[in-house]
Protein chains: 2
Amino acid sequence: MASTILDVAKLSGYSKTTVSRTFLNPENVPETTRTKVFEAAKKLNYTPNAIARAMVRKRTDNIAFILSKHQYPAVLNPFYSPILETVLQTVVKENYSLFISPDTDLSLPNGEIYLKNQMDGVLIAGKTNPKVINGFMNQNLPVVLINNKLDIDGLFCITADHYAGARLAMNHLVERGHRKIGLLAGNFSPQVFFERYNAYIDVQRENNLQVDYRFVQSLDPNVSEAFQYASSMLVSKDRPSAFFCTNDTIAIGTMKAAIRLGLRIPDDIAVIGIDDSTMSSLIEPELTTIHIDTQAMGLWAAETIIALINHQPITRENFEVDSYLVVRNST
Amino acid sequence: MASTILDVAKLSGYSKTTVSRTFLNPENVPETTRTKVFEAAKKLNYTPNAIARAMVRKRTDNIAFILSKHQYPAVLNPFYSPILETVLQTVVKENYSLFISPDTDLSLPNGEIYLKNQMDGVLIAGKTNPKVINGFMNQNLPVVLINNKLDIDGLFCITADHYAGARLAMNHLVERGHRKIGLLAGNFSPQVFFERYNAYIDVQRENNLQVDYRFVQSLDPNVSEAFQYASSMLVSKDRPSAFFCTNDTIAIGTMKAAIRLGLRIPDDIAVIGIDDSTMSSLIEPELTTIHIDTQAMGLWAAETIIALINHQPITRENFEVDSYLVVRNST
DNA sequence: ACACGATAAGGGAACGTTCCCAATCGAAAC
DNA sequence: GTTTCGATTGGGAACGTTCCCTTATCGTGT
């Protein structure tokens, strides 16, 4: 049905080799040849077949972005979606195509198989089964991990220091004079959960504050759950003067609860989040939070996978991204 | 480097045909054959080459999701990202892979070309150059348009009636007794812009209200721009009692401005948005808005493109998705 | 006049599958 | 005992490119 390089060759009067050459390096071919070939191609509505090309070149220029199945929703996830956005823009600029996949299908009988030979490299965001990673690496596929670190030879990772970030948040609250601080901790991957939890405990110890475990709660990181826990804690007579929420979504639920109870933020209750997601500056009062440089994550991940694909030197190995405090009006 | 079907054939003692058969339809092969083949494959770390397979089958099981370049950011766009999420989940369930692409690269010298033969079908979200659509259709590629309608034979479209949706919003404001209503209209595609603008005008005419053009403004649909325009309008002595914002982002900027000026929502100033984006129920007070059934859009688009790929009958042609009013606390 | 290099173009193998067709073999049917 | 049929397997062409190698042509310098 669709026309092939042979049709163009016949119509233009040249050989398939010349046609191929013309499409690959137009400048390496005399002008008359070029125009004749392109003319014929246009007339036949011809377009080089990317699959056939990939077959001989052993390159597809496709990069996969796999989101841990623990992260649902995939595209809408407030932490990962800015990373995906940056990766997409970066990768497209270098003429790669981006393929996105929640990693569920990798566990399907044939899912893992199909993915492999169609990709030049794989980006994995979040916690994943090491078996999957090994599967890719056994095929000599370059892999870069995002917000996850595994000590495998030849594997590159980009992470953030969630302990340091959480300390920033806690220190800020302490500096503002808060002596009683509640914790609403999202149950992300155990690693992230504990890094932030430990920061909460450590900073308080260092400042001789006592942890009141009635105001420490782990929960699913969504607004309604945060709203519920925060509501019940905020009505307590000896409630904390501040809440450390381990992400912005939880912080927003907490603020909602406070506002509904008629409490003033930050005078009656201070709230701090983590992520500096888009929402944090949209709500009123605006949320004080920890900015994690997700743009750097996306950029480095994209550039690294491309460098690996092209066997170019890697600028930095296993790079840890910065976090900083963004003071707004909720503290 | 990587092992091929011939290696497996040799090691297992069967022919390449039998190996191929075993991978394609394990149940069509005697058990002893199956185990021997799979054993050999495992030993060799063999995995069928998706590219070679695609080459002979003339199918890749890849679907492209192209976001209009007018929509930036791509993944983070509050209207399109839920659609993308639904499309992704639906498509993956049917064992297709999803490629995402901002449509900029289609205009690159070779960009358009490369995309074509690697996809079984194409989803295009938002306004696009018809040339691009024709390019795909000339290659006999199924195309489905999302939130955009073009009268091309064989082209399927899913849209929302933005005029009707906007009328819902305006009628709600009128019912609440508002006689003076301002408009903050995002400059989306001209089509969407005018559908909503016309609804604004028409509903007021029908109710004998006078339009005060000092409070009508078109703007880029982002929070800070909305904040600025709303701020300057809200300080006016004879300001409107309500603002119709043509999406939630604008509404949020408007509410922010009102809150900063110490106005009470909805008593001093009512605000209504469109989209029912995630944010609308996170802010305080929660935003009254028009819900557009983006989930239905994503689902139908995904199912339709898959049906087209498989030459199955289409359940519904050119389907227009429902909108309804969601009353919250901003009106 | 001759050799030589640069420029232009073509022939054919190779990439790793699938799938059509044919071949073999044993058992069941007549 | 011959035929038929199903089950199992294999050979080879085809898919549409790229790329290595070769060939032809045409100056250009000596």
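All values below come from the heavy atoms of this structure, side chains included, with hydrogens, waters and symmetry mates left out. In what follows, every chain begins at residue 1, and chains take the letters A, B, ... in the order their sequences are listed.
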### Query
What is the distance, rounded to the nearest whole Å, between atom CZ of B:R59 and atom C1' of C:dG16?
20 Å
### Over 12 foreign heavy atoms within 6.0 Å of CD, A:Q295
no
#### Entry: Nearest-angstrom distance from the residue atom CG of B:N28 to P of D:dA7
10 Å
### Euclidean distance, atom CE of residue A:M55 to atom P of D:dC19 [Å, nearest integer]
14 Å
### Query
Between D:dG11 and B:T17, is there an OP1 or OP2 to side-chain N/O distance shorter than 4.0 Å?
no
### Task
Can you figure out which of C:dG16, D:dT17, D:dT9 approaches the side chain of B:T4 most closely?
C:dG16
### Message
Quick check against the 3.5 Å criterion: does A:S3 have a side-chain atom that pairs as donor or acceptor with the backbone of A:L44?
### Response
yes
### Flag, side chain of B:S68 to backbone of B:K127, donor-acceptor distance under 3.5 Å
yes
#### Entry: DNA chain D: 5'-proximal contact among B:T33 and A:A52 (nearest heavy atom)
B:T33
### Message
Tell me the interatomic distance from B:K10, atom NZ, to D:dT9, atom P, rounded to whole angstroms.
### Response
20 Å
### Query
Would one find a side-chain N or O of B:S15 under 4.0 angstrom from OP1 or OP2 of D:dT9?
no
### Message
Can you work out whether B:V56 or B:V29 has the more 5'-proximal nearest nucleotide on DNA chain D?
### Response
B:V29
## Note on the structure
Here the distance between atom P of D:dT17 and atom OH of A:Y14, to the nearest Å, is 19 Å
### Query
Between the base of C:dG16 and the side chain of A:K58, is there any donor-acceptor pair under 3.5 Å?
no
### For atom CG of B:L24 and atom P of C:dC19, their distance in whole Å
6 Å
### Message
Tell me whether the side-chain N/O atoms of A:T18 come closer than 4.0 Å to OP1 or OP2 in C:dG10.
### Response
yes
### Task
Check for a donor-acceptor pair, side chain of B:S12 on one end and backbone N or O of B:A9 on the other, with a separation under 3.5 Å.
yes
### Message
With a 4.0 Å limit, can you tell me whether A:R57 has a side-chain N or O closer than that to the phosphate oxygens OP1/OP2 of D:dC19?
### Response
yes
### Query
Should B:K149 and B:D151 count as an ion pair when the cut-off is N to O under 4.0 Å?
no
